[in-house]
Visitor: 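Following this message is one structure expressed as structure tokens.
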Amino acid sequence: MYIVQIASECAPVIKAGGLGDVVYGLSRELENQGHCVELILPMYDCMRYDHIWGIHDAYKDLWVPWYDGQIHCSVYCGWVHGRVCFFIEAHSEDNFFHRGCYYGCDDDNMRFAFFSKAALQFLQQSNKCPDVIHCHDWQTGLIPVMLYEMYKYHGMEYQRICYTIHNFKHQGICGNEVLKATGLNRPEYYFQYDKVRDNFNGFALNMMKGGIVYSNAVTTVSPHHAWEALHTEINCGLGHTLDIHQGKFQGVLNGIDFEFWSPDVDKYIPNNYTTEDFEQKAYNKKALRERLNLDDSNKPLIAYIGRLDAQKGVHLVHHAIYHALERQAQFVLLGAATEPSIHSWFAHEKKFLADDPDVHIELGFNEELSHLIYAAADMIVVPSNYEPCGLTQMIGLKYGTVPIVRGVGGLVNTVFDWDYDTMHTPEERNGFVFFETDNYALESAMGRAIDLYNLSPELFCNLAIQGMKCDNSWKYPAEDYVEIYETIRHKHN
Ligand code: ADP
């Protein structure tokens with residue numbers, strides 16, 4: 001099958017969070033399973049050009065209709081660790097992708113509406129005929145709309161779309177102007193509730209809703225989150241739309257790329273290890289302690305790696321630091337905040353705890369350091385408010401770093417409580433789970449983990465090794481996606 005992935009991220013060249021990992025990892029596994037995969041991405045000025053090989057002009061003069069005129073674009077092609085990627089560069093005064101950031105601009109809606117239009121225009125003008133186009137999140141939600149309403153009539157009638165929602169929180173709520181800009185026009189048609197009109201704000205359009213309504217298949221990133229999306233408020237207002245389209249909606253658990261995330265081959269860590277020589281992990285702990293000036297002691301080391309925002313349960317992350325100290329454990333945090341207030345809060349904590357030999361707070365994004373922390377820590381805490389899938393607990397498992405998680409979303413599908421899980425055998429249990437959002441729930445789960453570490457080190461070690469044996473690779477999720485692709489490619493639009 002010929003599959004084109006269109007997304008706003010692809011790790012490691014463009015990575016703000018899990019989306020980048022997923023787009024890369026799924027593409028690689030689909031290729032391993034014999035499919036032809038190409039990716040279309042924006043050409044950001046701030047992406048990691050050092051991860052692109054052999055970049056060259058693929059399509060010099062791509063003219064993309066935009067409002068009443070056209071924008072001149074160039075498409076470059078290069079290999080990102082073996083994946084064929086097309087990068088779209090727009091030559092216009094808007095400088096859509098030359099902002100020194102991936103997201104967070106006032107005109108993000110227009111930037112990604114333009115990217116969506118340009119990606120389709122590129123497919124059409126270059127006569128590419130993928131069987132399936134796989135789009136991701138709100139940034140590409142208009143692609144199915146434009147394919148079905150416009151490009152289908154211009155040579156793209158056989159392309160089918162799989163649309164994956166990685167986070168319901170950001171939906172691309174926008175106004176009339178995207179219709180004018182993209183040439184969809186006809187506001188009276190699109191401003192209907194069964195089309196793209198936002199379910200809450202009748203004066204707005206919703207790009208993610210467009211993706212759900214117009215795609216042939218819709219997925220989210222774990223089975224439990226799919227259930228939550230249909231039955232709880234986590235869908236952020238899209239419940240009714242999902243309800244109507246639930247026949248084509250399902251959850252497919254993300255995987256992690258074992259070539260990148262595996263302690264036996266990881267190039268960023270000083271000591272590689274496997275389940276066979278698990279004791280080697282301790283040397284990574286030593287290396288991290290040296291690097292961060294932490295005390296070398298027999299205390300357990302607990303980590304948090306992730307964005308610092310409300311979704312991730314920042315209050316509990318904050319409490320976890322102090323509870324770890326109270327329980328004679330060490331804590332390392334690596335996180336970037338998008339909201340200034342959260343950044344200042346943690347920057348203050350960093351200053352306040354600067355002289356404590358048992359804590360390190362690193363604010364910012366650092367891929368290389370994240371690998372060392374996964375390899376060094378004994379436990380990783382993921383106290384999310386909601387978590388569509390979550391990769392950090394899966395990476396933690398692979399590195400023998402026992403996850404302590406809140407039982408929501410994909411965390412439910414991947415972490416099974418050592419003491420209380422009733423659905424899995426003792427050999428399948430791999431972490432600690434709590435459910436409430438208060439400090440006591442977190443303390444109780446952290447306490448159980450720390451006690452096991454201190455009082456029964458052998459059992460703790462077994463638990464960590466059991467986690468390393470979990471197969472959260474892309475093999476099975478990619479097979480699920482292939483099944484979805486096969487189903488939709490034989491369907492009439
Ligand atoms: P998100 O909601 O951000 O997508 P996920 O758990 O799905 O969360 O994925 C997070 C990914 O981003 C993981 O690969 C994690 O290691 C990485 N990550 C998050 N924050 C940082 C950071 N500050 N530095 C390095 N990597 C990070």
Side-chain angles (χ1 to χ4, degrees), residues 7-26 48 102-104 136-139 164-170 220-222 224-225 234 236 251-263 266 268-269 288 292 303-314 317 332-339 342-343 346-347 350 360-377 380-399 401 403-406 408-415 472 474 477:
S8 54
E9 292 182 37
C10 172
V13 67
I14 308 163
K15 173 167 164 174
L19 171 63
D21 287 324
V22 170
V23 170
Y24 178 85
L26 173 61
R48 295 280 306 265
Y102 302 135
Y103 312 119
H136 301 266
D137 264 353
W138 73 266
Q139 291 89 346
T164 296
I165 297 170
H166 298 257
N167 196 332
F168 281 94
K169 177 88 186 292
H170 308 288
T220 189
V221 289
S222 69
H224 190 65
H225 194 60
I234 211 72
C236 301
V252 177
L253 189 68
N254 281 338
I256 52 169
D257 188 340
F258 279 3
E259 220 171 65
F260 195 64
W261 294 115
S262 197
D266 195 324
Y268 293 127
I269 64 176
L288 181 73
L292 304 181
Y304 173 82
I305 299 173
R307 288 182 292 118
L308 292 170
D309 76 10
Q311 176 197 335
K312 300 290 176 185
V314 266
V317 172
V332 171
L333 179 149
L334 169 62
T338 36
E339 267 183 46
I342 298 179
H343 178 82
F346 280 86
K350 182 178 167 73
H360 183 88
I361 295 178
E362 186 76 28
L363 297 179
F365 194 93
N366 188 333
E367 182 78 47
E368 180 223 340
L369 179 61
S370 77
H371 285 247
L372 180 57
I373 299 175
Y374 285 117
I380 181 157
V381 66
V382 193
S384 302
N385 245 327
Y386 74 96
E387 192 58 79
C389 177
L391 298 181
T392 61
Q393 83 284 8
M394 291 202 263
I395 302 171
L397 285 169
K398 186 68 184 163
Y399 283 73
T401 306
I404 303 167
V405 308
R406 183 154 174 262
V408 287
L411 299 167
V412 167
N413 297 119
T414 48
V415 182
N472 286 314
W474 269 106

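We count ligands from 1, going down the list as the structure has it; atoms in each ligand are counted the same way.
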Visitor: Side-chain contact, heavy-atom cut-off 4.5 Å: Y304 with P383?
Guide: yes
Visitor: Could you tell me whether some N/O pair between K15 and ligand 1 is separated by less than 3.5 angstrom?
Guide: yes
Visitor: From atom 8 (O) of ligand 1, work out which of K312, E368, E387 has a heavy atom at the shortest distance.
Guide: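 Residue with the shortest heavy-atom distance to the ligand atom: K312.
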Visitor: Below 4.0 Å, non-hydrogen atoms only: which portion of L391 touches ligand 1? Side chain, backbone, both or neither.
Guide: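 Both parts.
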Visitor: Please confirm whether Q393 approaches ligand 1 to less than 4.0 Å, judged on its heavy atoms.
Guide: no
Visitor: Do you see a donor-acceptor pair shorter than 3.5 Å between the side chains of D266 and Y374?
Guide: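 There is no such pair between these side chains.
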Visitor: List ligand 1 atoms under 4.0 Å from G18, heavy atoms only on the residue side.
Guide: 1 (P), 3 (O), 4 (O), 7 (O), 9 (O), 10 (C), 11 (C)
Visitor: Where the side chain of T414 meets the backbone of M394, is there a donor-acceptor pair that is under 3.5 Å apart?
Guide: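 No.
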Visitor: Determine whether any heavy atom of C389 lies closer than 4.0 Å to an atom of ligand 1.
Guide: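 Not so, C389 does not reach ligand 1.
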Visitor: In sequence, state the C-alpha distance, the side-chain angles, and the governing distance for D21 and I256, and then conclude on side-chain contact (heavy atoms from CB on, under 4.5 Å).
Guide: CA-CA 7 Å; D21 287 324; I256 52 169; over 6 Å; no
Visitor: Report the part of N167 (side chain from C-beta onward, or backbone N, CA, C, O) that has a heavy atom under 4.0 Å from ligand 1; answer both or neither where that applies.
Guide: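 No part of N167 is near ligand 1 at this cut-off.
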Visitor: As a quick check of understanding, evaluate side-chain hydrogen bond (donor to acceptor under 3.5 Å, both in side chains) for S8 and Y103, giving each step before the final call.
Guide: CA-CA 9 Å; S8 54; Y103 312 119; 2.8 Å; yes
Visitor: Consider ligand 1: state whether an atom of it lies below 4.0 angstrom from any non-hydrogen atom of A11.
Guide: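 No, A11 has no heavy atom closer than 4.0 Å to ligand 1.
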Visitor: Looking only at non-hydrogen atoms, which of N254, N366, V221 approaches atom 24 (N) of ligand 1 most closely?
Guide: N366
Visitor: Identify which of R307, H166, K169 has a heavy atom lying nearest to atom 3 (O) of ligand 1.
Guide: R307
